[in-house]
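This report refers to the structure that appears directly beneath it.
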Amino acid sequence: MEKPRITVMVPIDANTVPSGAREVKNALSVAIGRANLSNEIKVIETGSFGPTGVGALVAIQPDGVVYCNMTVDKAQEIVEEHLLKGRVCARYMLPGRQVILPTADNVDARTLQHTGRIVLDNCGRIDPENIEEYIANDGYEALGKALTAMSPGEVITEITESELKGRGGAGFPTGQKWSFCAPVVADQKYVICNADEGEPGTFKDRLILEGDPHKIIEGMALCGYAIGATIGYVYVRGEYALSIERLEKAIAAAESHGLLGKNIFNSGFDFEIKIKIGAGAYICGEETALIESMEGKRGCPRLKPPFPAQKGFKGKPTNVNNVETLANIPAIIRNGAAWFKNFGTSSTAGTKVYTILGHINHPGLIEVPAGVTLREIIEDYGGGMKGKFHFAQLGGTAGDILGEEMMDVPMDYDLMEKVGHVLGSGAILIVNESININDFLHSCMRFFSHESCGNCNPCRNGMHAALDITKRLKSGVAYPDDINALEEVVMILHSSAFCPLGQSPAGPVTSALRYFREEIERGVNRELNKHDMPRSNRKMEAINV
Amino acid sequence: MTVSEIIKKHGNERENLLAILHQIQAGNDDNSLHKDQLQQLAEIMDIPVADIVSTASFYTMFSLKPRGKHIIRLCESPPCYIMGEENILTALENCLKIKLGETTADKMFTLETTSCLGACGVAPVMMIDDTVYGELTEEKTVAVIKSIVDKE
């Protein structure tokens with residue numbers, strides 16, 4: 001077959017499939033075939049372009065035109081107008097936002113500075129089910145470089161010097177984590193990719209897995225080489241059917257190309273990857289709970305220490321990293337730590353992938369240098385507010401609620417900590433004035449009380465106590481002392497719960513009280529006596545004494 | 001496949017328990033795990049049956065109660081909540097004439113809520129079996145249910 005004259009790219013991912021992207025892709029292929037253009041025009045499936053809430057998308061290359069809200073009928077029209085007659089259908093074009101597509105001048109993946117993307121550089125640009133396209137974009141070059149020209153220690157040094165921090169939420173330095181596991185002597189070690197993405201509002205890992213699965217495989221293999229592990233596991237949520245399917249295909253392709261398996265690149269290094277599928281439990285995103293779940297048990301967190309680096313999966317040394325963290329590894333090894341530090345701020349190197357959603361005009365997936373402000377994200381990337389800004393929640397439901405006064409703080413792991421907030425997993429939920437803060441807090445607590453694993457007492461009971469209070473605040477029937485009680489419950493949880501899940505309601509609740517106390521107090525029934533107290537609060541008080 | 005065949009396929013080790021439970025449940029018409037199957041599993045894998053029940057009940061995707069042919073999982077996490085999840089729940093309850101957690105009399109649908117499905121870009125969302133439906137409105141929700149009923 002000749003080299004196609006035109007490429008039609010259709011993102012098939014979690015956000016476009018519900019809008020009929022598969023049907024659109026089929027309609028395009030059929031219409032192109034009917035026009036006898038199958039030799040000249042190639043239709044390919046890609047990962048996410050980034051924008052969401054604009055239906056099924058189609059990009060025509062090399063023209064660089066992106067169409068949105070595609071249907072089967074519109075797809076046929078585009079074949080007739082754009083592809084046959086060369087007339088761009090302006091009325092269907094994606095308005096007012098930038099989708100980064102490879103054009104003649106940035107088709108070389110080395111021009112990353114041009115697109116500013118490290119993690120998502122291939123997402124929406126290559127066919128995720130075709131390993132050759134990944135290889136053509138410098139894929140597996142880093143693995144080759146490490147296995148043939150670097151010692152495991154040098155790989156760890158490179159990652160440590162890049163100052164890459166874990167992108168799962170906690171921000172722990174990745175190189176340091178690897179260096180804990182590397183020196184431990186054992187007959188078997190494991191690398192685990194944590195793809196149990198459950199933090200509400202976060203879907204970056206899903207889109208990375210769907211858009212560029214080979215990057216995760218390469219990152220895991222590099223980690224395995226560095227720490228001396230020969231088996232890797234990807235723990236994926238059971239709900240992520242497409243991610244699982246693409247990963248399985250990618251692993252099989254890597255195996256058949258000799259990039260996984262025995263004696264990779266004739267270096268004597270063996271590495272295989274297996275998939276473990278979760279069954280719906282938010283707590284399994286915590287690394288020790290994830291390991292318990294992988295062992296076929298209830299996903300309850302373990303007491304630390306021993307840390308997984310000493311005793312992890314099946315009691316063997318194990319290194320657990322988030323999907324986005326692993327996706328950064330190949331580029332760092334390929335281009336060096338100094339290159340990576342060109343991106344971001346002095347305290348957080350690299351880029352950060354955010355999912356921006358809620359009441360903004362252009363929700364979606366973005367990758368920006370660490371350190372951009374909330375205002376920039378809303379105005380420059382999110383296309384502005386729908387309605388008037390009320391509050392934002394950073395890093396998912398466990399994250400802090402921010403008022404307008406925090407809009408201009410540069411967001412990176414350290415700077416946010418200085419102002420008393422955490423950056424978290426990368427979800428940015430923007431909420432307008434149509435939502436009452438008490439309704440929102442109730443929704444957050446409903447999530448936590450459902451997801452509490454029941455292992456420790458403070459979380460098992462405290463979540464329900466907090467849920468009760470937020471329920472009363474939502475209905476405007478709260479007792480005068482309820483707000484104090486709520487604060488107390490979340491602080492008890494923060495100081496005594498066994499794992500980060502139990503500790504996390506303190507984030508949204510105390511930050512909401514910091515910015516919106518007056519609005520929260522409107523949920524209190526003023527007619528009740530100051531000393532009136534519901535039974536559940538009395539119980540909490542008894543526990544305190 | 002029988003329980004023992006499924007165990008043979010995945011391996012007898014404890015670490016395969018979730019995969020085994022997934023496959024057993026998928027093979028049952030009522031989308032749940034049956035008591036006799038868990039009993040059998042316990043004997044073959046040499047794990048106390050209480051331990052298996054405790055593990056299965058821990059995870060949202062497994063059910064020990066019979067469910068409908070299609071499982072509707074409506075996301076109730078904050079991103080979907082702010083986009084109107086409560087209205088969708090009411091629409092589903094009215095359309096199916098059941099409450100949350102119940103199964104329709106014809107055993108066709110079970111209505112559940114779920115935590116984030118990772119499709120927040122098109123919130124509010126629900127997942128019916130393996131398919132995600134996004135940007136739901138009350139009308140669209142009813143239409144989706146109707147289309148499934150028509151297919152049956």
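First the proteins, then the strands, lettered A, B, ... as listed; each starts at 1.
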Do [X] and [Y] come within less than 4.5 Å of each other through their side chains, counting heavy atoms only?
{"X": "A:Cys459", "Y": "A:Leu501", "answer": "yes"}
{"X": "B:Leu111", "Y": "B:Leu89", "answer": "yes"}
{"X": "B:Leu18", "Y": "A:Ile277", "answer": "no"}
{"X": "B:Ile7", "Y": "B:Asn12", "answer": "yes"}
{"X": "B:Leu17", "Y": "B:Met45", "answer": "yes"}

Give, as side chain, backbone, both or neither, the part of [X] having an atom under 4.5 angstrom from any heavy atom of chain B.
{"X": "A:Asp205", "value": "neither"}
{"X": "A:Thr355", "value": "neither"}
{"X": "A:Ser434", "value": "neither"}
{"X": "A:Ile356", "value": "neither"}
{"X": "A:Phe448", "value": "neither"}
{"X": "A:Ile430", "value": "backbone"}
{"X": "A:Ile435", "value": "side chain"}

If you tally heavy-atom pairs under 4.5 Å against chain B, which of [options] wins?
{"options": "A:Ala14, A:Gly55, A:Gly201", "result": "A:Gly201"}
{"options": "A:Glu197, A:Lys314, A:Lys204, A:His442", "result": "A:Lys314"}
{"options": "A:Gly198, A:Gly454, A:Cys453", "result": "A:Cys453"}

Inset, instruction - Look at B:Leu21, B:Asp130, B:Leu117 and state which one has the largest set of heavy-atom pairs under 4.5 Å with chain A. - result: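 So the answer, after comparing B:Leu21, B:Asp130, B:Leu117, is B:Leu117.
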Inset, instruction - Would you mind telling me which of B:Thr55, B:Ile82, B:Val132, B:Ile20 has the largest number of heavy-atom pairs within less than 4.5 Å of chain A? - result: B:Ile82
Inset, instruction - Might you work through the side-chain hydrogen bond (donor to acceptor under 3.5 Å, both in side chains) test for B:Gln39 and B:Asp36, ending with a clear yes or no? - result: CA-CA 5 Å; B:Gln39 194 84 44; B:Asp36 57 318; over 6 Å; no
Legend entry - Donor-acceptor contact present, side-chain A:Thr470 to main-chain A:Leu467, <3.5 Å: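 Confirmed, A:Thr470 side chain pairs with A:Leu467 backbone.
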Inset, instruction - Look only at the side chain of A:Asn432 and the backbone of A:Lys386, and say whether a donor-acceptor pair between them is shorter than 3.5 Å. - result: yes
Inset, instruction - Please flag which part of B:Ala19 lies under 4.5 Å from any non-hydrogen atom of chain A: side chain, backbone, both or neither. - result: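 The answer is neither part of B:Ala19.
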Legend entry - Under 4.5 Å from a heavy atom of chain A, the part of B:Glu86 involved: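 It is the side chain, since no backbone atom gets that close.
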Taking atom types as modelled, find out whether [X] and [Y] have a side-chain donor-acceptor pair closer than 3.5 angstrom.
{"X": "A:Glu199", "Y": "A:Tyr282", "answer": "yes"}
{"X": "A:Glu286", "Y": "A:Thr288", "answer": "yes"}
{"X": "A:Glu451", "Y": "B:Ser115", "answer": "yes"}

Legend entry - B:Asp46 CG: over 12 foreign heavy atoms closer than 6.0 Å: no
Inset, instruction - For the pair B:Glu5 and B:Lys9, find out whether any cationic side-chain nitrogen is under 4.0 Å from an anionic carboxylate oxygen. - result: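 No, this pair does not count.
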Inset, instruction - May I ask you to decide whether B:Arg14 forms a salt bridge with B:Asp51, counting only side-chain N to carboxylate O separations under 4.0 Å? - result: yes
Inset, instruction - Pull out the residues in residues 56-81 of chain B that come under 4.5 Å of chain A, heavy atom to heavy atom, sorted by number. - result: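 Result: B:Ser57, B:Phe58, B:Tyr59, B:Thr60, B:Met61, B:Phe62, B:Glu76, B:Ser77, B:Pro78, B:Pro79, B:Tyr81.
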Legend entry - Close approach to chain A in residues 133-152 of chain B, criterion heavy atom under 4.5 Å: B:Tyr133, B:Gly134, B:Glu135
Inset, instruction - Just say parallel, tilted or perpendicular for the rings of A:Phe313 and A:Tyr190, cut-offs at 30° and 60°. - result: perpendicular
Legend entry - Minimum heavy-atom distance between A:Gly53 and B:Val122, given as atom pair plus value: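 What the structure gives for the nearest pair is N-CG1, 4.2 Å.
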